[in-house]
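Note sheet for the following structure.
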2 protein chains.
Amino acid sequence: MVQFVHPARDDITLTGVLAALSDPMRLRIVKALLQEGECMSCTAAAPCPEIPKSTLSNHFRILREAGLIQTTKKGVENRNVVRESDINLRFPGLLKAILKHAAE
Amino acid sequence: MVQFVHPARDDITLTGVLAALSDPMRLRIVKALLQEGECMSCTAAAPCPEIPKSTLSNHFRILREAGLIQTTKKGVENRNVVRESDINLRFPGLLKAILKHAAE
DNA sequence: TTCAATAGTCCCATATTTCCGAACTACTGA
DNA sequence: TCAGTAGTTCGGAAATATGGGACTATTGAA
């Protein structure tokens, strides 16, 4: 098994965050996670069911490495949450300003 | 000569804007253009002088096609401006929220 | 005019990144 | 022990970025 890589808050970069959110699918994942509030598994947060598993896994890795989400393994599934406070501390107002405009 | 391609305001997409700004060099270009206020040539807005011309030209094309800047040809050089009002009408608060955190 | 200089664009080969099927791992419950 | 579930990893194909070099358009000078 692999330990998930999460950058420290201060290592989160603006361009990294923008790059992670510049993909429609990842944007929808983050939006879904925020709307839920609770932790969500990867498949639960997936924007559409027919997306290949490996692609989905890849998107979550990118979000994780950009510092946008935190992932922990719980039983057979992953629990994902948006690192809302970390992002807000590092880039106040950014996440809200972006997600305000994200379509459903 | 080629006529520059500029999307209509309503064709500007959120993910397109984020993708365009997710490159450190392009972020610095936009920041420089906004700080200047006036039109700037490509080389004047370039973040560093040693950057290859073709790469710079490519970055400006990406910013242009994302709807972030408007380019017109004036004599031997290009005049670039950020389409600030278009972006602000389409995605209120976005540009400011992003550039607030851009280094430099 | 013609010529050189300047500012960018276009083309194209290389390098990097993304996508996704298939095989694999980790955990759970029967 | 075994099957099922949730995700990861691998690897090849497809897409995209980089940058050198040739090209175009404009200007200013001889």
Side-chain angles (χ1 to χ4, degrees), chain A residues 1-6 13 15-30 32-33 36 38-66 68-82, chain B residues 1-7 13 15-30 32-33 36 38-66 68-81:
Chain A
M1 183 214 150
V2 171
Q3 199 52 39
F4 296 120
V5 177
H6 294 99
T13 66
T15 49
V17 168
L18 296 179
L21 295 179
S22 72
D23 180 279
M25 197 159 290
R26 290 195 293 265
L27 199 53
R28 291 175 68 185
I29 289 171
V30 170
L33 286 175
E36 188 72 9
E38 292 290 306
C39 285
M40 287 178 93
S41 71
C42 294
T43 43
C48 46
E50 71 273 14
I51 174 177
K53 290 197 302 177
S54 54
T55 303
L56 191 61
S57 175
N58 196 41
H59 283 313
F60 275 90
R61 183 184 52 76
I62 289 170
L63 289 171
R64 198 158 51 226
E65 291 178 359
L68 274 163
I69 64 172
Q70 195 186 20
T71 308
T72 49
K73 188 134 192 178
K74 175 87 175 197
V76 77
E77 65 185 24
N78 290 359
R79 325 215 62 196
N80 299 285
V81 226
V82 177
Chain B
M1 181 215 151
V2 170
Q3 199 51 39
F4 296 119
V5 176
H6 294 99
T13 65
T15 49
V17 168
L18 297 180
L21 295 179
S22 72
D23 180 280
M25 195 159 291
R26 291 196 291 268
L27 198 53
R28 291 176 67 183
I29 289 171
V30 171
L33 288 173
E36 187 72 8
E38 294 288 308
C39 286
M40 288 178 95
S41 71
C42 293
T43 43
C48 46
E50 70 274 13
I51 173 178
K53 290 196 303 177
S54 54
T55 303
L56 191 61
S57 177
N58 195 42
H59 284 311
F60 275 90
R61 182 183 53 74
I62 289 170
L63 288 171
R64 199 158 51 227
E65 291 178 0
L68 274 163
I69 64 172
Q70 194 183 22
T71 309
T72 49
K73 187 135 194 178
K74 175 85 174 202
V76 76
E77 64 185 25
N78 289 1
R79 324 214 62 199
N80 299 285
V81 226

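All values derive from a computational prediction rather than experimental measurement.
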Give the rounded distance in Å between these two atoms: NZ of B:Lys53 and P of D:dA17.
21 Å
Measure CG/B:Asp23 against P/C:dT16 and give the value in whole Å, please.
16 Å
Under 4.0 angstrom, heavy atoms only, what part of the nucleic acid is B:Thr55 near: base, sugar-phosphate, or nothing?
base
Checking the side chain of B:Ser57 only, and the main-chain atoms of B:Ser54 only, is there a donor and an acceptor separated by less than 3.5 Å?
no
Rounded to whole Å, CD1 of A:Ile62 lies from P of D:dT8 at a distance of 12 Å
Nucleotide D:dT8, atom P - distance to CD1 of A:Ile51 in whole Å
12 Å
As an exercise, state the distance from CG of B:Leu18 to CG of A:Leu27, rounded to the nearest 0.5 Å.
7.0 Å
What is the distance, to the nearest angstrom, from the CG atom on B:Leu56 to the C1' atom on D:dG19?
12 Å
About how many Å separate CZ of B:Arg26 and CG of B:Leu68, when rounded to the nearest 0.5 Å?
9.5 Å
Non-hydrogen side-chain atoms of A:Phe60 and A:Asn78 separated by less than 4.5 Å:
no
Between atom CE in A:Met40 and atom P in D:dG7, what is the gap in whole Å?
11 Å
Distance (rounded to the nearest 0.5 Å) between B:Thr15 OG1 and A:Leu21 CG:
10.5 Å
Please give, in whole Å, the distance from D:dT5 C1' to A:Arg79 CZ?
16 Å
Residue pair A:Val76/A:Thr71 against DNA chain D: nearer the 5' end by closest nucleotide is A:Val76
Starting the side chain at C-beta, find the nucleotide from D:dG7, C:dC10, C:dG8 nearest to B:Ser54.
C:dC10
By nearest-nucleotide position on DNA chain C, the 5'-leaning member of B:Glu77 and A:Asn58 is B:Glu77
Of A:His59 and A:Gly75, the one whose closest nucleotide on DNA chain C sits nearer the 5' end is A:His59
If only side-chain N and O atoms of B:Ser41 are considered, is one of them under 4.0 Å from the OP1 or OP2 phosphate oxygen of C:dA7?
no
Rounded to whole Å, the CZ-P distance (A:Phe60 to D:dT8) equals 9 Å
Just N and O in the side chain of A:Arg61: are any of them under 4.0 Å from OP1 or OP2 of C:dT17?
no
Ranking D:dT26, C:dT9, D:dG7 by distance to the side chain of B:Arg64, first place goes to C:dT9
